[in-house]
Amino acid sequence: MTDMIPSERQAQILDWLQVENRLAIKQLVARFGVSGMTIHRDLDKLAAEGLVEKVHGGAVLCVSERQEMGQTAVSPLSSQSVCKLCGGTVNERTQFMVMRQNGEKQLACCPHCGILLMKQLDDVSSALTSDFLHGRRINVFQAYFVMGSEVRTCCLPSTICFANQVEAEKFQRGFGGEVLDFTGAEALLRHSHQA
Ligand SMILES: [Zn+2]
Ligand SMILES: [Zn+2]
């Protein structure tokens with residue numbers, strides 16, 4: 001892997017961190033066959049973009065921006081843990097909640113199911129999901145959706161939300177798929193479920 005360009009290496013580091021949560025510089029040196037200095041530069045770049053956090057001797061996926069928004073930003077949006085649409089398990093990183101005008105809340109496993117769920121209801125008052133990188137709550141109408149990337153969450157095409165367009169685009173460059181706004185994501189899902 002010594003002939004990888006920095007951006008390829010950085011995407012690979014992010015990819016591994018999604019799965020392994022924490023990586024030591026030593027591990028990265030061994031895996032890529034490059035110097036510790038090179039790995040430091042990669043991590044500095046990713047840290048400057050807010051994607052990872054450098055910790056002693058290594059890096060973790062960025063969680064520093066998980067902050068209170070409302071009362072329970074990091075905890076699950078609901079005590080329910082099963083997707084209203086598909087019955088799948090709800091993951092905190094991808095959870096999606098639809099609020100109805102009568103105050104009822106419905107939880108979906110991911111933005112994929114969440115958007116389809118919204119289409120079944122005619123009285124949606126608002127909808128929230130989690131930023132995939134930072135865990136912050138975001139209004140789905142203002143979110144950026146990376147659809148069909150290589151990072152599989154629960155439902156296909158995989159649908160991952162970001163609060164920040166630049167981060168969504170960086171993720172897309174690393175892992176493929178396309179970046180869409182809510183309208184675009186809804187149109188794509190409507191299309192893929194009619195086929
Ligand atoms: Zn689901
Ligand atoms: Zn899902």
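All of these numbers come straight from a predicted model, not from anything done at the bench. Whatever order the structure lists them in is the order used to number ligands and atoms, beginning at 1.
By the 6.0 Å and 45° rule, R31 stacks over the aromatic ring of W16.
Aromatic pair Y144/F162: ring centres not closer than 6.0 Å.
Distance check: M147 CE to L156 CG gives 10.5 Å after rounding to the nearest 0.5 Å.
Take a cut-off of 2.8 Å around the Zn ion (ligand 1): the protein N, O or S atoms inside it are C83 SG, C86 SG, C109 SG, C113 SG.
A side-chain donor-acceptor contact under 3.5 Å links Q172 to the backbone of G177.
Between the side chains of Q165 and E169, at least one donor-acceptor pair of N or O atoms lies under 3.5 Å.
Within the structure, side-chain hydrogen bond (donor to acceptor under 3.5 Å, both in side chains) pairs that include any residue of residues 37-50 comprise R9-D42, Q10-D42, S35-T38, H40-K54, D44-K54, K45-E49 (at least two apart or interchain).
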